[in-house]
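A short write-up of the structure that comes next.
Side chains included, hydrogens not; waters and symmetry mates left out as well; all remaining heavy atoms used. All ligand and atom numbering here is 1-based and tracks the order in the structure.
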Amino acid sequence: MRSRTMRRTAIRLRLAGALAAVLVAGGVAGGPAAQAAERHGKEPTLADLAERHGRYFGSATDNPELVDEPYKALLGSEFRQITPGNGMKWYATEPQQGVFDFSQGDEIVNLARANRQKVRGHTLVWHSQLPGWLTGREWTAPELRAVLKKHVQAEVRHYRGKVFAWDVVNEAFNEDGTYRESVFYKTLGPGYIADALRWAHQADPRVRLYLNDYNIEGIGPKSDAYYRLAKELRAAGVPLHGIGLQAHLALQYGYPTTLEDNLRRFSRLGLDTALTEVDVRMQLPATEEKLAQQAEWYRDLTEACLAVRRCVGITVWDYTDKYSWIPAFFPGEGAALPWDEQLRPKPAYFALRGALGGK
Ligand code: XIL
């Protein structure tokens, strides 16, 4: 057993090495560099380790951060999958009705291509981050149906062959398992979900289609609602391929101990699952104790995914506390990710390595 300090030092050296390799390669970070590093006997990345289990390990990223070169280098080398944090959302992609702008999503797709990473598309239908033209007026059902169909199909068509999966509908349920009263639900009824899935499938018959939500990691009213809906949709032949469990966890609310059982019941329906937006936040300040507990949670959720065959991968909701969404949305909380604000690996990073079978 190497001491923690030795491991830290080894990691720092490895990071420095990876960065140097990237700089030598002319500023192109990524998959090739990571593969070369592995060939030359350096320690495997999280993505390398996950791949040995047939899983991907990924990170969200966002356009404004891509000017940060050290950040970008690690994003390119440590992960084999990325998700745009905002760039493919409705407000960004259809800022005026019928006028599409895919520039932000394209930037991320191009970066992924350079780094040989795959991309999860996020997200087509959601109550949040909608453009003003959509939220600022009333719609009849036929009008909104046409607007929704056009949006879903234009975006899925644009990214055909460029994303391997889509979060088609995001956050459709309330905590008690009733439907969220979004403009789509209120105007179109629950059938908007099956419609969106069918429209997406028409536009790209190969892409994997997901429903995605938070607080559905454990078994409870909200994940039960997904279980029932998924069963119904499958029985009706609606193209649904997976359930995304966001996994925005918080130390103060306890670990979802039924995660593995929950993943397994969706597998039994013939569905893939994925942990799509993982972070483990805590009340600040972070202490050594809290960071140790956080590391255990990262380990446990990784082990749960590895234990269930159809849990296809894990994505952290960005990888460094420098760019986490948590402090802005949960005042007083943070330190949620496996790398700190200086891009130094935290105990959670080493726990992930351990859970994935690395040293
Ligand atoms: C967050 C982004 O990370 C932020 O930058 C943005 O301001 C708000 O949305 N669930 C989701 C994600 O599905 O799209 C959210 O992302 C986090 C919660």
Near K89 (heavy-atom distance under 4.0 Å), the atoms of ligand 1 are 1 (C), 2 (C), 9 (O), 12 (C), 14 (O), 15 (C), 16 (O)
Per-atom filter on ligand 1: closer than 4.0 angstrom to a heavy atom of N170 are 11 (C), 13 (O)
Between K322 and the options D340, D62, D68, the salt bridge (Lys or Arg N to Asp or Glu O under 4.0 Å) test singles out D68
Answer yes or no: does an N/O atom from [X] fall short of 3.5 Å to an N/O atom of ligand 1?
X	value
W317	yes
W126	no
W325	no
E277	yes

Residue pairs meeting disulfide (SG to SG under 2.5 Å), one or both in residues 266-359, sequence neighbours left out, come to C305-C311
Q) So is Y214 close enough to ligand 1, meaning a heavy atom under 4.0 angstrom away? A) no
Atom 14 (O) of ligand 1: of E171, H122, M88, the nearest heavy atom sits on H122
Under a single-linkage definition using a 4.5 Å side-chain heavy-atom cutoff for Ile, Leu, Val, Met, Phe, Trp and Tyr, are M88 and F164 assigned to the same hydrophobic cluster?
-> no
Contacts of R309 meeting side chain to side chain donor-acceptor pair (under 3.5 Å) (sequence neighbours excluded), chain-then-number -> none
